[in-house]
Amino acid sequence: MSNLDLFLNLTAPNGRQYTQPTGLFINDEFVKSKSGQTIASIDPATTREIASVYAAGAEDVDNAVKAAKAALNDPSWKLLPATDRGILMGRLADLIEKNKELLATIDAWDNGKPYHVALSEDLVEAITTFRYYSGWADKTFGQTISTTPKKFAYTIRQPIGVVGQIIPWNYPLSMAAWKLGPALVCGNTVVIKAAEQTPLSILVLATLIKEAGFPKGVVNIINGYGCEAGAALVQHPLVDKVAFTGSTATGREIMKMAAGSLKNITLETGGKSPLIVFNDTDMEQAVKWSHFGIMSNQGQICTATSRIFVQKDVYETFVEQFTSAVKSTSKIGDQWDESTFQGPQVTRAQYDRVLEYIRLGISEGATVVSGGGPHPPNSNGEAGYYISPTVFTNVTDSMRIYREEIFGPVVVIMPFETEEEAIKRANNTTFGLGAAVFTKDLERAHRVAAEIESGMVWINSSQDCDPGVPFGGVKQSGIGRELGEAGLEAYSQVKAVHVNLGSKL
Ligand code: ADP
């Protein structure tokens with residue numbers, strides 16, 4: 001039981017001072033959790049606490065959901081013209097842009113990602129996603145359908161209702177934007193729960209949502225533990241839909257819990273994405289993108305291209321060039337150094353988990369050609385959750401480091417002989433999120449793209465993402481799509497209205 005101030009004045013390591021809200025944002029106000037329960041947020045570069053924030057229990061979740069339910073039927077939201085919903089969202093995008101250095105500072109501090117990456121990638125993605133969806137607000141509508149001369153029908157697109165959204169810690173603000181953007185332009189109301197590892201930036205986002213002028217109760221933002229606040233949100237009888245991004249194991253639990261009241265769900269879960277390099281490829285490009293595809297964001301990307309298949313005759317060259325790219329490009333350091341490529345893993349738990357996989361790979365008999373353990377403390381001599389980017393060869397398709405999502409800077413590189421073999425092995429996984437193919441042969445590029453079992457394929461690239469392009473997985477990597485026009489499907493439902501014109505006949 002604690003009694004924190006609802007607003008703290010903090011100074012980040014880069015000198016930026018700001019006011020950090022700590023409460024649960026319910027019905028447009030920051031409030032304390034009923035139990036006084038809190039979550040401590042840690043700087044993973046120093047392992048020191050940044051701040052504690054309030055963590056929701058079931059009673060707080062109930063209050064947030066009821067606020068969202070009331071807002072759903074409030075004329076200030078329900079009757080707001082679609083164009084005006086878009087204007088609100090555009091205003092939110094502008095406010096995020098105005099505060100982008102602050103928001104990037106908080107995410108870098110809380111998550112461990114380099115500040116320059118948070119600013120030039122995460123924040124840009126969040127801003128462009130909100131802007132993209134602001135344009136959709138008044139561009140979704142139904143159809144008229146002719147049936148018989150005496151009758152016709154039309155459809156209207158309506159919001160699904162109260163949406164519970166659960167997001168992960170690897171891209172705190174862009175994941176919030178992916179969820180809030182389409183849900184709000186479709187007219188839903190929301191309770192969104194941030195990940196307990198990165199609870200800070202979303203509370204500052206809450207202040208901007210308020211400033212943008214969204215009616216009260218339309219967006220409710222809570223922090224809280226997954227098994228407690230997350231589970232309460234998923235099971236709440238007034239929640240009509242659940243949208244989740246996180247691990248496959250948690251996605252499975254959420255699906256089970258949502259079954260209780262047959263809730264509509266979308267899930268974006270884990271991956272073990274293949275990247276295939278054919279012998280005709282531009283080797284420099286293949287090395288550059290495959291390095292980025294697994295080592296960026298500390299390897300903490302659900303679409304990380306973590307299984308690299310290289311055609312046999314260029315295999316040795318690729319491994320050599322990839323390993324030297326890891327040594328020369330993966331500059332490890334704290335979040336604030338402009339030259340840092342790789343910061344610390346987000347938490348002690350993730351750090352331990354990744355190291356455990358590295359040990360497992362070694363005990364399974366794979367060869368470490370680079371890295372293979374923790375990285376020494378940072379330049380200030382402080383401890384931090386740093387891991388050396390690790391490259392394994394001599395990996396078989398049955399090893400756990402080949403089959404399971406590691407979610408860290410660890411890659412396995414395997415040789416293959418034929419296109420058929422590469423496709424078969426790439427598809428030999430329960431996951432199906434991303435995939436990449438490197439070749440100069442146009443026909444082969446498109447043939448392989450069609451054959452890979454995944455929601456997305458990059459040709460001669462890795463990790464491209466755009467708010468206008470659908471994102472999601474097949475197999476155990478997810479259900480439904482986010483982003484693009486496809487992302488609207490998750491947040492609206494079609495009602496059919498039959499009209500009888502035949503009463504005089
Ligand atoms: P990770 O293992 O990387 O932390 P998770 O899938 O556990 O990934 O977490 C992603 C999000 O899901 C977080 O917001 C977390 O709080 C939430 N979560 C975890 N467990 C549950 C659960 N049982 N019910 C609902 N949400 C959960």
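Both ligands and their constituent atoms are indexed starting at 1 by order of listing. Values reported hereafter were calculated over all heavy atoms of this structure, with side chains retained and with hydrogens, waters and symmetry mates removed.
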| request: List the steps, then state whether side chain to side chain contact (heavy atoms under 4.5 Å, CB included) holds for H236 with V191. | output: CA-CA 11 Å; H236 198 291; V191 178; over 6 Å; no
| query | At a 4.0 Å cut-off, with the gap strictly under it, does some heavy atom of K193 reach an atom of ligand 1? | reply | yes
| request: Check whether any side-chain heavy atom of I42 lies under 4.5 Å from a side-chain heavy atom of T347, and answer yes or no. | output: no
| remark: protein heavy-atom neighbour closest to atom 14 (O) of ligand 1 works out as I167 O, 2.8 Å
| Numbering as shown, the atoms of ligand 1 that approach E196 to under 4.0 Å (heavy-atom distance) | 13 (C), 15 (C), 16 (O)
| Which atoms of ligand 1 have any heavy atom of A195 under 4.0 Å away? | 14 (O)
| said: Please list, in number order, the atoms of ligand 1 under 4.0 Å from a heavy atom of Q197. | reply: 4 (O)
| Nearest-contact summary for atom 18 (N) of ligand 1 - protein heavy atom, Å | G226 CA, 3.4 Å
| query | Are there protein heavy-atom neighbours of atom 9 (O) of ligand 1 below 4.0 Å? | reply | no
| side chain to side chain donor-acceptor pair (under 3.5 Å) between K475 and T429: does it pass, once the steps are laid out? | CA-CA 9 Å; K475 293 156 84 174; T429 167; 5.7 Å; no
| remark: For atom 20 (N) of ligand 1, the closest protein heavy atom turns out to be T250 CG2, 3.4 Å
| Should T245 be counted as touching ligand 1, given the test is an N or O pair under 3.5 Å? | no
| query | To the nearest 0.5 Å, how far apart are CZ in F214 and OG1 in T189? | reply | 12.5 Å
| message | Within the 4.0 Å heavy-atom shell around W169, which atoms of ligand 1 are there? | response | 1 (P), 3 (O), 4 (O)
| Got a sec, which pairs hit side chain to side chain donor-acceptor pair (under 3.5 Å) with one end in residues 215-235, sequence neighbours left out? | Q37-E228
| task | For Y171 and E125, test the side chains for any donor-to-acceptor distance below 3.5 angstrom and give the result as yes or no. | result | no
| query | At the 4.0 Å heavy-atom cut-off, does F407 count as touching ligand 1? | reply | no
| said: Atom CD of residue position E101 - does it have more than 12 heavy atoms of other residues, nucleotides or ligands inside 6.0 Å? | reply: yes
| request: Assess whether atom NZ of K98 is packed by more than 12 heavy atoms of other residues, nucleotides or ligands within 6.0 Å. | output: no
| Can you list the atoms of ligand 1 that are under 4.0 Å from a heavy atom of A231? | 24 (N), 25 (C)
| query | Is a salt bridge present between R91 and E211, judged by a nitrogen-to-oxygen distance below 4.0 Å? | reply | no
| query | For E253 and ligand 1, does the shortest N/O to N/O distance drop below 3.5 Å? | reply | no
| Heavy-atom nearest neighbour in the protein, as seen from atom 17 (C) of ligand 1, with distance rounded to 0.1 Å | I166 CG2, 3.5 Å
